[in-house]
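Quick notes on the structure that follows.
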Amino acid sequence: MNREVRVRFAPSPTGPLHIGGVRTALYNYLFAKKHGGKMLLRIEDTDQKRFVPGAEEYISEALEWIGIKIDEGTQIGGPHAPYRQSERKHIYRQYAEKLIADGNAYYAFDTDQELEEMRKRLEAAKVVAPSYNSITRMQMKNSLTLPDDEVKRKLAAGEPYVIRLKVPRKEEIRLHDLVRGWVMVHSSSIDDKVLMKSDGMPTYHLANVVDDHLMQITHVIRGEEWLPSAPLHVLLYKFLGWEESMPQFAHLPLLLKPDGNGKLSKRDADAGGFPVFPLDWKDPQTGEIYMGFREQGYLPEAITNFLALLGWNPGTEQELFTMDELIENFSIERISKAGAKFDINKAKWFNQQYLRKIPDTELAQTLKKQLEEKKIPHSSYNMEKIVSLIKERIVFHSDVWKEALFFFIAPQQFDPESVRTKWSSEAANIIAEFKKALNNLTDIKAENIKTILHQTAESSGLKIGKVLPALRLAITGAIAGPDLMAIIEILGKDETIARINYALQNINHKIPT
RNA sequence: GGCCCGUUCGUCUAGGGGUUAGGACAUCAGAUUUUCAUUCUGGUAACAGGGGUUCGAUUCCCCUACGGGCUACCA
C-alpha cells in the first residue's frame with residue numbers, strides 16, 4: 001500500500017481555535033510535508049446549534065499566521081470539495097442506510113424523556129454503566145424491537161428518529177495507534193452510538209469516517225480525547241467494507257494546565273495572564289475577549305517552534321527549528337505519550353530567540369509603525385541604532401516602543417525613590433561640568449562622550465559609578481537601560497543638554513542623610 | 001463508578017538491563033558591564049511506590065497509587 005500521504009485537520013467552528021488544536025494542525029502538516037503529501041482542512045460543522053459565525057475564518061487565519069499551508073480545503077477547494085460537512089449532508093445518508101441494510105445499524109424512535117427514563121431505570125437497578133447497548137436496545141423503541149410495518153409507518157409519517165450503530169455484543173476490537181501501539185477494547189464497553197441525528201445531520205463518528213474514506217485520508221492525527229471512540233471508528237470502517245484502506249491512527253498527548261491538573265483552558269490563560277489562542281477573538285454572543293499570541297507580541301515562528309517541541313522531540317539537542325527543519329526532522333515515532341504541561345516561560349524564551357534574529361532594519365520599521373499608532377512624535381533619530389540598542393532587552397515584538405519611549409519623550413518628573421538612592425549634590429555638580437564639556441565636544445561619539453565624562457568625574461575625585469546612574473536618571477528618567485553613552489550619541493548634543501538642564505532645575509538637590 | 005491512556009529534575013524532555021541518568025526553560029551563585037538586561041562560568045534539582053524476572057532494574061512484567069481523557073441526537 002504505497003499511497004500518497006494525505007492528512008486532514010478537522011476542527012469544528014464553535015469558537016476560536018485552541019492552541020492545542022493549532023499543535024494538532026501543525027503535527028499533521030509536518031507529517032504530510034515530510035512525506036511529500038497533502039494537508040486538508042475540513043470543517044466539521046455538523047452541530048448546527050454550536051455553530052459560531054466567524055469561527056471558520058478564524059481557523060484559516062490562525063493556520064496561515066502560524067505558517068501552515070493548506071493543499072485542499074474550504075477556502076481553496078480541491079478534488080473532494082466541498083470540505084464543509086454541512087455542505088456534504090446529502091452524502092452521509094446512503095452510508096447509514098447501507099449499514100441498516102446490512103444489519104449493522106437501526107432506526108431508533110426514542111424520545112429524550114424515554115432515554116432519560118432508561119438511564120434512571122438502569123441507575124436504580126445499579127447497572128454500572130447505563131447506556132444504549134446490545135442489551136438495553138431490546139427494551140427501547142427501535143427497528144429491532146418494533147414490527148416492520150410500524151417502523152415503516154413511523155418513517156412515512158415523518159416521526160423523528162435517529163440511526164444508531166448496532167455494536168456487536170461480544171467482540172474484541174484491536175486498534176494499532178502509531179504513538180501508543182496496540183489498544184484493545186471490548187465491544188461491550190461501547191454503546192450504540194448515534195450515527196444520524198434527528199435533524200438529518202450525521203454525528204462526528206459517521207461523518208468523519210465517511211469523509212476520511214472519501215477524501216482518501218491515510219493518517220488520522222488527532223488529540224487523545226478521540227482515543228476512546230477510535231475503536232468505534234474501526235468498527236465503522238469494517239462495516240462499511242473499507243477496512244483495507246482504513247487510515248492509520250495517531251493520538252496526540254494533550255496540552256495540560258501549567259499547574260497540574262486537566263486540559264489547558266481559557267481559564268488558565270486568564271488566570272496566568274497569557275494567551276492560549278493564536279489570535280485575538282471576541283465572542284459574538286457573549287462579547288467575551290480571548291487574547292491571542294499574535295496580539296500579545298509573539299512571533300509565529302516562535303509559537304511554531306514552541307508547539308512543535310511540546311510532545312515531540314528530534315532526539316538531538318537542537319532547540320531552534322525553522323518550519324523546514326521541523327518538516328525534515330519530524331516523525332510520529334518520536335511523539336511522546338504523556339500529556340505536556342503548558343509552560344509559558346518556554347514560549348517567551350523562544351520568542352526572545354526569534355526576536356533577536358529579526359534584522360535591525362525591519363525592527364526599525366516596526367518601531368516607527370508602533371510610534372505612529374501610539375501617536376508619539378518621533379524625530380529624525382536613527383531608528384536602527386535605537387533598535388539595536390534595545391533589541392536584547394525585550395521579549396515581545398510589541399514592546400519595542402515601550403523600551404524606546406524615553407528617546408522620544410524627555411523625562412518630565414523623576415521617581416523620588418530613584419532620586420533618593422542615585423542623586424547627590426556632588427553628582428549634580430559633575431553633571432553640570434559634564435554638560436559644559438559636552439557642549440565643547442565636536443564629535444558626538446559614544447567613546448568621546450565616555451572620555452569626557454571620565455575626565456570630569458576624575459578631576460573632582462568622584463568615582464564614575466557615583467555619577468553615571470544620576471546622569472542616566474537625568475537623561476532617561478530611569479535608573480536602568482542600555483548603554484548611556486550610546487543613548488547620548490543618538491540623542492545628540494542639544495537634546496542631551498536640554499534634558500540635563502531640566503533635571504538640574506527640577507530634581508531636589510537636598511539629599512536626606 | 002465504568003472503559004481507555006499515561007507517570008524521568010519545578011517544567012519540556014533525552015536515555016535505556018550495568019550511565020557521574022544528558023540537554024533546554026525556570027531558579028540560585030560567580031564573572032563581565034556605568035545600571036538593568038544580555039553574555040559567560042558554575043551550582044541545586046528527577047527515574048511515583050511495592051512485588052517479581054535477572055548476577056544486576058530507572059529501563060522488562062504484574063499490582064497499587066496518582067494524573068489525565070472519554071462516558072450526549074458535542075466535536
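To find a chain, count down the sequence lines: A is the first, B the second, and so on, and within it residues start at 1.
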Please set out all donor-acceptor pairs under 3.5 angstrom arising from side-chain atoms of residues 306-316 of chain A, sequence neighbours excluded.
| from | atom 1 | to | atom 2 | distance (Å) |
| --- | --- | --- | --- | --- |
| Trp312(A) | NE1 | Ser331(A) | O | 3.3 |
| Asn313(A) | OD1 | Gly315(A) | N | 2.7 |
| Asn313(A) | OD1 | Arg334(A) | NH2 | 3.2 |
| Thr316(A) | OG1 | Gln318(A) | N | 3.3 |

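- Counting any heavy atom pair closer than 4.0 Å across all strands shown, Gly465(A) reaches no nucleic acid atom.
- Note on Asp110(A): a base of the nucleic acid sits closer than 4.0 angstrom, heavy atoms only.
- When each of Tyr161(A) and Ala340(A) is assigned the nucleotide of RNA chain B bearing its nearest heavy atom, the one mapping closer to the 5' terminus is Ala340(A).
- Atom CD of Glu392(A) is separated from atom P of U35(B) by 17 Å (rounded to the nearest Å).
- If you measure from atom CZ of Phe342(A) to atom C1' of A26(B), you get 15 Å, rounded to the nearest angstrom.
- Side-chain proximity of Ser12(A) to U38(B), A75(B), G68(B): nearest is A75(B).
- U35(B) and G68(B): their P atoms are spaced 48 Å apart (whole Å).
- Across all strands, Pro482(A) comes closer than 4.0 Å to base atoms (heavy-atom distances).
- In this structure, Asp259(A) places its CG atom 16 Å from C1' of A26(B), rounding to the nearest Å.
- Using a 4.0 Å heavy-atom cutoff across all strands shown, Ser131(A) reaches no nucleic acid atom at all.
- With a cut-off of 3.5 Å on both Watson-Crick or G-U wobble distances, the partner of G67(B) is given as C5(B).
- Each of Asp47(A) and His454(A) lies near RNA chain B, and the nucleotide nearest His454(A) is the one positioned closer to the 5' end.
- Put simply, CG on Leu232(A) is 12 Å from P on U71(B), counting in whole angstrom units.
- Applying the salt bridge (Lys or Arg N to Asp or Glu O under 4.0 Å) test to pairs two or more places apart or on separate chains, those with a residue in residues 83-95 of chain A are Glu56(A)-Arg84(A), Arg84(A)-Glu87(A), Arg88(A)-Asp211(A), Arg93(A)-Glu97(A).
- Looking at heavy-atom distances under 4.0 Å, Arg334(A) makes contact with sugar-phosphate atoms alone, never a base.
- Using a 4.5 Å cut-off on side-chain heavy atoms (C-beta onward), Tyr132(A) and Val194(A) make no contact.
- Among the nucleotides U13(B), G6(B), A75(B), the one closest to the side chain of Glu225(A) is A75(B).
- When the nucleotides U11(B), U38(B), U35(B) are ranked by their closest atom to the side chain of Arg356(A), U38(B) comes out on top.
- Taking the C1' atoms as reference points, U38(B) lies 14 Å from A31(B), given to the whole Å.
- Every residue two or more places apart in sequence or in another chain was checked for a ring-ring contact (aromatic ring centres under 6.0 Å, His included) with Tyr92(A), and none qualifies.
- Ring-plane geometry between His233(A) and His205(A) is classed as tilted, the angle between the planes lying from 30 to 60 degrees on a 0 to 90 degree scale.
- Between Arg164(A) and the phosphate of C73(B), there is a side-chain N or O to OP1/OP2 separation shorter than 4.0 Å.
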Worksheet item: In B/S/- notation, 5' to 3', how is nucleotides 19-25 of chain B contacted by protein heavy atoms closer than 4.0 Å?
Response: ---SSBS
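- Using a 4.0 Å heavy-atom distance criterion, Leu309(A) is classed as a sugar-phosphate-only contact.
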Can you check nucleotides 1-4 of chain B for protein contacts, nitrogen or oxygen pairs under 3.5 Å, and list what you find?
none

Item to complete: Walk me through it: do Arg180(A) and His251(A) pass the test side-chain hydrogen bond (donor to acceptor under 3.5 Å, both in side chains)?
Response: CA-CA 8 Å; Arg180(A) 280 148 223 285; His251(A) 290 92; 5.7 Å; no
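- At a threshold of 4.0 angstrom between heavy atoms, the contacts of Lys422(A) with the nucleic acid are absent.
- Taking atom CD1 of residue Ile479(A) and atom P of nucleotide A37(B), one finds them 12 Å apart after rounding to whole Å.
- Within the 4.0 angstrom heavy-atom criterion, only backbone atoms of the sugar-phosphate kind lie near Val194(A); the bases stay farther away.
- Across U59(B) and A21(B), the matching C1' atoms stand 11 Å from one another, rounded to whole Å.
- Listed candidates were A75(B), U7(B), C36(B). Nearest to the side chain of Lys197(A) is A75(B).
- The nearest whole Å value for the distance from the CH2 atom in Trp182(A) to the P atom in C5(B) is 13 Å.
- Taking atom CH2 of Trp312(A) as the reference point, atom P of A14(B) lies 11 Å away to the nearest angstrom.
- Between His18(A) and Phe277(A), the ring-plane angle classifies as perpendicular under the 30° and 60° cut-offs.
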Worksheet item: Going through the distances and angles, do Tyr354(A) and Asn305(A) end up as a side-chain hydrogen bond (donor to acceptor under 3.5 Å, both in side chains)?
Response: CA-CA 10 Å; Tyr354(A) 283 93; Asn305(A) 201 149; 2.4 Å; yes
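- Under the 3.5 Å distance criterion, the side-chain polar atoms of Arg164(A) are matched with a main-chain donor or acceptor of Asp192(A).
- Rounded to whole Å, the separation between the C1' atoms of U32(B) and U41(B) comes to 11 Å.
- C60(B) and G30(B) are spaced 45 Å apart, taking the C1' atom of each and rounding to whole Å.
- Atom-to-atom, CD1 of Ile173(A) to P of C5(B) comes out at 13 Å; the value is rounded to the nearest Å.
- For the C1' atoms, the distance from C12(B) to A29(B) is 24 Å, rounded to whole Å.
- Distance from the side chain of Arg472(A) is smallest to U35(B) among U35(B), A75(B), C73(B).
- Under the Watson-Crick or G-U wobble criterion, with both distances below 3.5 Å, A37(B) has no partner in any strand shown.
- Under the ring-ring contact (aromatic ring centres under 6.0 Å, His included) criterion, Phe274(A) pairs with Phe342(A), sequence neighbours left out.
- No contact: Asp191(A) has no heavy atom under 4.0 Å from any strand.
- When heavy atoms are screened at a 4.0 angstrom cut-off, Thr46(A) is found touching the sugar-phosphate backbone but no base atom.
- Ring-centre distance between Phe330(A) and Tyr27(A): below the 6.0 Å cut-off.
- Comparing the C1' positions of U20(B) and U7(B) gives an interatomic distance of 25 Å, to the nearest angstrom.
- For C5(B), its base never sits under 3.5 Å from the side chain of Arg180(A) at any donor and acceptor pair.
- Nucleic acid contact for Gly311(A): sugar-phosphate only, since backbone atoms but no base atoms lie under 4.0 Å from a heavy atom of the residue.
- Other residues, nucleotides and ligands place no more than 12 heavy atoms under 6.0 Å from the NZ atom of Lys466(A).
- Comparing the P positions of C5(B) and G49(B) gives a spacing of 23 Å, expressed to the nearest Å.
- Annotation: cation-pi geometry not satisfied between Lys141(A) and Phe109(A) (NZ/CZ under 6.0 angstrom from ring centroid, within 45° of ring axis).
- When Watson-Crick and G-U wobble pairs are counted only if both distances are under 3.5 Å, G10(B) pairs with C25(B).
- C47(B) makes up no base pair with any nucleotide shown, lacking Watson-Crick or G-U wobble contacts both under 3.5 Å.
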